[in-house]
Amino acid sequence: MANKLKSLLTLGNVVTLVIGGVAGIVLPVIGLFVGLQVSPVLGTVLVAPYIVVAALFDTYLGNMHGFARLLGLGLSILTYVLLAFGVRHVFRLALRR
């Protein structure tokens, strides 16, 4: 069990986890401003985890209460961590060829 945990906590996995976590915190905030100024479609994609939570609670983004905001933050972090691991996997496959 200890060896399996040690193999999961490699430097590449930890860096990917941190990058995905920071992206999950920062990108939805950037998405709100990008959606207003640059591209509504890009802004909607960046804020998508919060939109899902708002739809589940049947409320608007601005009217979400604390639990819903924390749930949106958790879903956003999870989404961007999974996306970061997917991008890392694709890069590793591309470099292998």
Side-chain angles (χ1 to χ4, degrees):
M1 179 74 175
N3 289 336
K4 188 166 184 136
L5 182 64
K6 189 183 260 188
S7 67
L8 288 176
L9 292 177
T10 62
L11 181 64
N13 286 347
V14 171
V15 169
T16 305
L17 191 69
V18 169
I19 288 172
V22 169
I25 294 170
V26 173
L27 286 180
V29 176
I30 292 173
L32 289 173
F33 296 107
V34 167
L36 291 173
Q37 299 294 326
V38 180
S39 170
V41 174
L42 179 62
T44 302
V45 168
L46 292 175
V47 186
Y50 281 96
I51 293 172
V52 168
V53 172
L56 286 175
F57 284 98
D58 195 29
T59 185
Y60 297 110
L61 284 176
N63 290 337
M64 290 193 326
H65 49 84
F67 177 72
R69 288 179 194 225
L70 285 176
L71 189 64
L73 179 64
L75 184 63
S76 175
I77 290 172
L78 179 68
T79 301
Y80 285 108
V81 164
L82 290 175
L83 185 65
F85 274 107
V87 168
R88 179 175 173 232
H89 181 70
V90 168
F91 279 146
R92 289 178 71 189
L93 286 178
L95 291 176
R96 205 178 275 177
R97 293 180 185 230

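Hydrogens, waters and symmetry mates are skipped; everything else that's a heavy atom, side chains included, is used. It should be emphasised that the depicted structure is a prediction, and the values quoted were computed from it without experimental measurement.
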- Do Val53 and Leu78 share a hydrophobic cluster, counting only Ile, Leu, Val, Met, Phe, Trp and Tyr and linking them when any side-chain heavy atoms are less than 4.5 Å apart? no

- Note on the structure: Of all heavy-atom pairs linking Thr44 and Pro40, the shortest is OG1-O, 2.7 Å

- Is Val18 reachable from Leu82 through a run of hydrophobic residues whose side-chain heavy atoms are each under 4.5 Å from the next? no

- Note on the structure: Taken in chain and number order and not counting sequence neighbours, the residues that satisfy side-chain contact (heavy atoms from CB on, under 4.5 Å) with Ile19 are Val15

- Query: Any side-chain heavy atom of Tyr80 sitting closer than 4.5 Å to one from Leu46?
  - Reply: yes

- Item | Short side-chain to backbone donor-acceptor contact, Thr79 and Leu75, under 3.5 Å | yes

- Note on the structure: Going by chain and number, the hydrophobic cluster around Phe91 (ILVMFWY, side chain to side chain under 4.5 Å) further includes Val87

- Item | Linked, directly or transitively: Leu73 and Leu56 (ILVMFWY side chains, under 4.5 Å) | yes

- Query: When you measure from the side chain of Ser76 to the backbone N and O of Pro49, does any donor-acceptor pair fall under 3.5 Å?
  - Reply: no

- Which pair of heavy atoms, one from Pro28 and one from Ala23, lies closest together, and at what distance? CD-O, 3.8 Å

- Task: Hey, could you give me each pair passing ring pair (Phe, Tyr, Trp, His ring centres under 6.0 Å) that has a residue in residues 47-68? Not counting sequence neighbours.
- Result: Phe57-His65

- Partners passing side-chain contact (heavy atoms from CB on, under 4.5 Å) against Val45 (at least two apart in sequence or in another chain): none

- Straight-line distance of Arg88 CZ to Leu17 CG, nearest 0.5 Å: 10.5 Å

- Query: What residues form a side-chain contact (heavy atoms from CB on, under 4.5 Å) with Val29, not counting sequence neighbours?
  - Reply: Phe33

- Using a side-chain heavy atom cutoff under 4.5 Å and only I, L, V, M, F, W and Y, what cluster partners does Leu70 have? none

- Rounded to the nearest 0.5 Å, how far apart are CD1 of Ile77 and CD1 of Ile25? 4.5 Å

